[in-house]
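Remarks on the structure that follows.
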Number of protein chains: 2
Amino acid sequence: MATTILVVEDDAAIRDMLCFSLRHAGFVYEPVADAEQGLQWLGQSKPDLILLDWMLPGIDGIEFIRRLRSNEYIADIPVIMLTAKGESDDLVKGFSVGADDYVNKPFSPPELIARIKALLRRCKPDDSASASGQQLSFAGLDLDTQSHRVTIDGKRIDLGPTEFRLLHFFMKTPERAYSRGQVLDQVWGDTVYIEERTVDVHIRRLRKALEPTGHDRLVQTVRGVGYRFAED
Amino acid sequence: MATTILVVEDDAAIRDMLCFSLRHAGFVYEPVADAEQGLQWLGQSKPDLILLDWMLPGIDGIEFIRRLRSNEYIADIPVIMLTAKGESDDLVKGFSVGADDYVNKPFSPPELIARIKALLRRCKPDDSASASGQQLSFAGLDLDTQSHRVTIDGKRIDLGPTEFRLLHFFMKTPERAYSRGQVLDQVWGDTVYIEERTVDVHIRRLRKALEPTGHDRLVQTVRGVGYRFAED
DNA sequence: ATTAGCTGTTACAAAAATGTAACAATTAAT
DNA sequence: ATTAATTGTTACATTTTTGTAACAGCTAAT
């Protein structure tokens with residue numbers, strides 16, 4: 001869950017300073033000297049945020065953002081641009097192209113870090129918020145995304161975060177079988193690589209939590225394929 | 001439930017930038033290039049807030065607000081004015097005419113969004129809170145916003161300002177889980193950038209204050225998500 | 001100027017959750 | 001029936017998350 005930040009800055013001194021601050025704040029970073037290298041790196045990795053100097057040799061900030069936003073896969077990465085003072089015209093341009101925030105040079109490291117954290121918080125998908133309060137029900141089992149609670153005939157069930165997401169996923173489409181790979185994609189997301197067998201373990205944990213009321217039978221094994229949520 | 005914002009700005013670049021930010025923040029917006037168009041649009045629709053550039057061709061900001069305030073039906077719409085630096089004289093004028101807040105150009109989108117949210121919060125007293133009066137009750141716990149007091153079974157509880165706001169926030173929507181980011185947005189509002197962990201600390205302080213009567217159990221942690229106010 | 005209260009941040013300990021490996025049990029095919 | 005593949009179960013080390021206390025800065029009142 002390490003947060004990675006791409007740093008695009010041609011001035012080596014400033015770049016080093018940025019990296020120092022980022023490292024100190026516990027971020028993982030990737031420093032590059034120009035937009036071209038930045039775009040190239042973006043072809044392989046997806047950072048959580050981009051620090052972008054405005055004045056760059058070759059491809060400049062505007063063009064960089066433009067290309068970034070036009071690539072579906074990485075278009076949603078928030079960008080903070082670094083500007084020298086007296087560039088307020090470019091500032092407006094920058095925002096209209098799609099920068100999310102800016103920091104004036106010279107800036108204090110604490111301020112920069114604060115801006116980064118704030119922007120990350122603002123942009124990261126809030127599952128409880130976006131899920132705008134859904135109530136899923138199946139076979140006497142209720143899952144409420146607002147309160148983040150699961151009840152069986154009114155009785156509360158305790159689930160760990162992953163078990164909750166797992167049940168949520170299955171309850172959205174009962175009767176349908178999923179492979180372990182599909183479950184990993186949907187429930188774990190595009191995090192690091194995880195063993196497929198891990199799904200089995202969490203299925204087990206989910207079943208155990210549902211066991212007291214006998215509802216564990218709803219989580220069914222589809223041999224050679226994966227799992228399914230349904231009534232027998 | 002969608003919040004609509006009228007944008008009155010003649011510079012197309014800035015206007016685009018404003019719209020981009022607003023869309024990004026989940027607002028519905030209506031961009032117009034001058035005051036006349038703005039007033040015309042106001043004849044048909046009533047936005048929740050108006051972003052108003054100060055320097056406009058034709059009817060200027062002052063006159064715009066004047067006309068706005070003189071029309072009973074739309075007089076109560078909050079206005080944020082956008083000013084270039086060195087217009088502090090106009091600033092005074094602006095407030096005396098009836099602007100509610102101002103933002104200096106150039107400004108960062110997060111700042112603007114924060115100001116907008118703050119103003120909306122200030123002007124549109126949050127739903128159930130003051131609508132139903134100023135009395136919130138849950139599980140023997142009473143919170144009175146008028147007297148700014150909290151009592152448990154008639155016994156008074158001492159809370160610091162932030163603890164009070166925190167409890168107030170949670171009591172408005174019991175049973176619902178919030179992420180730390182959401183809590184920060186709602187309870188701290190527009191203030192500067194604050195660590196998410198700070199929420200934990202204040203949760204702790206609130207719990208401690210409620211501890212003597214055992215009501216601290218109402219403040220529940222939802223592991224991996226955030227917090228919730230509810231009975232077990 | 002001094003003080004007391006409030007607040008945000010940080011460090012560290014405790015608790016919970018997670019991924020993985022190992023092994024047992026079950027199933028399906030030969 | 002034997003075997004190989006698949007799945008269930010458990011234990012355990014690691015990582016992540018949370019609770020708590022301590023600290024320093026700030027504010028408002030005296």
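Sequence lines set the chain letters: A, B, ... in the order given, protein chains first and strands last, and positions in each chain run from 1. Side chains included, hydrogens not; waters and symmetry mates left out as well; all remaining heavy atoms used.
Remark: C1' of dT16(D) and CG of D200(B) are 13 Å apart, rounded to the nearest angstrom. In this structure, the CG atom of L166(B) is 11 Å from the P atom of dG8(C), given to the nearest Å. Distance CZ (R207(A)) to P (dT9(D)): 7 Å, rounded to an integer number of Å. Whole-Å rounding puts the R180(B) CZ to dT17(D) P distance at 9 Å. Atom C1' of nucleotide dT6(D) and atom CD of Q220(A) are separated by 17 Å, given to the nearest angstrom. Here dG5(C) presents its P atom at 16 Å from CG of L159(B), a figure rounded to the nearest Å. Atom CZ in R204(A) sits roughly 16 Å away from atom P in dA17(C) (whole-Å rounding). A straight line from CG of L206(A) to P of dA17(C) spans 14 Å, rounded to a whole angstrom.
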Tabulate protein N/O versus nucleotide N/O from nucleotides 18-20 of chain C, keeping only pairs under 3.5 Å, one per line.
residue	atom	partner	partner atom	Å
dT18(C)	OP1	T162(A)	N	2.9
dT18(C)	OP1	T162(A)	OG1	2.3
dT18(C)	O5'	T162(A)	OG1	3.3
dG19(C)	OP1	W188(A)	NE1	2.8
dG19(C)	OP2	W188(A)	NE1	3.4
dG19(C)	OP2	H202(A)	NE2	2.7
dG19(C)	O6	R205(A)	NH2	2.8
dT20(C)	OP2	E195(A)	N	3.0
dT20(C)	OP2	T198(A)	OG1	3.1

Grab the N/O contacts between the protein and nucleotides 24-30 of chain D below 3.5 Å, and write none if there aren't any.
none

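Using a 4.0 Å cut-off between a side-chain N of Lys or Arg and a carboxylate O of Asp or Glu, D232(B) and R217(B) qualify as a salt bridge.
Residue Y227(A) places at least one side-chain N or O closer than 4.0 Å to OP1 or OP2 of dG8(D). Side-chain nitrogen and oxygen atoms of T221(A) include at least one within less than 4.0 Å of the OP1 or OP2 phosphate oxygen of dG8(D).
In this structure, V222(A) reaches the sugar-phosphate backbone alone: every heavy-atom distance under 4.0 Å involves primed, P, OP1 or OP2 atoms, never a base. Within the 4.0 angstrom heavy-atom criterion, no nucleotide atom of any strand lies near F164(B).
For CZ of R156(B), the number of neighbouring non-hydrogen atoms (other residues, nucleotides, ligands) closer than 6.0 Å is 12 at most. The number of heavy-atom neighbours closer than 6.0 Å to CD of E111(A), taken from other residues, nucleotides and ligands shown, is above 12.
Considering T151(B), D144(B), D142(B) as possible partners of S137(B), the one that fulfils the side chain to side chain donor-acceptor pair (under 3.5 Å) test is D142(B). Partner of Q37(A) under the side-chain contact (heavy atoms from CB on, under 4.5 Å) criterion, out of V32(A), V8(A), L42(A): V32(A) alone.
Both E211(A) and R223(A) sit near DNA chain D, but only R223(A) has its closest nucleotide nearer the 5' end.
Looking only at atom types and distance, the side chain of R228(A) has no donor-acceptor partner in the side chain of Y178(A) under 3.5 Å away.
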Given the rule in the side chain to side chain contact (heavy atoms under 4.5 Å, CB included) test, do R180(A) and D200(A) qualify, once you have shown the distances and angles that lead to the verdict?
CA-CA 8 Å; R180(A) 291 174 175 74; D200(A) 294 15; 2.7 Å; yes

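With dT10(D), dT7(D), dA21(D) as the choices, the nucleotide that has an atom nearest any side-chain atom of K208(B) turns out to be dA21(D).
Taking the six-membered ring wherever Trp is involved, the centroid distance between the rings of F170(A) and F138(A) does not fall below 6.0 Å.
The aromatic rings of F164(B) and H148(B) sit parallel, their planes meeting at an angle under 30°, below the 60° perpendicular limit.
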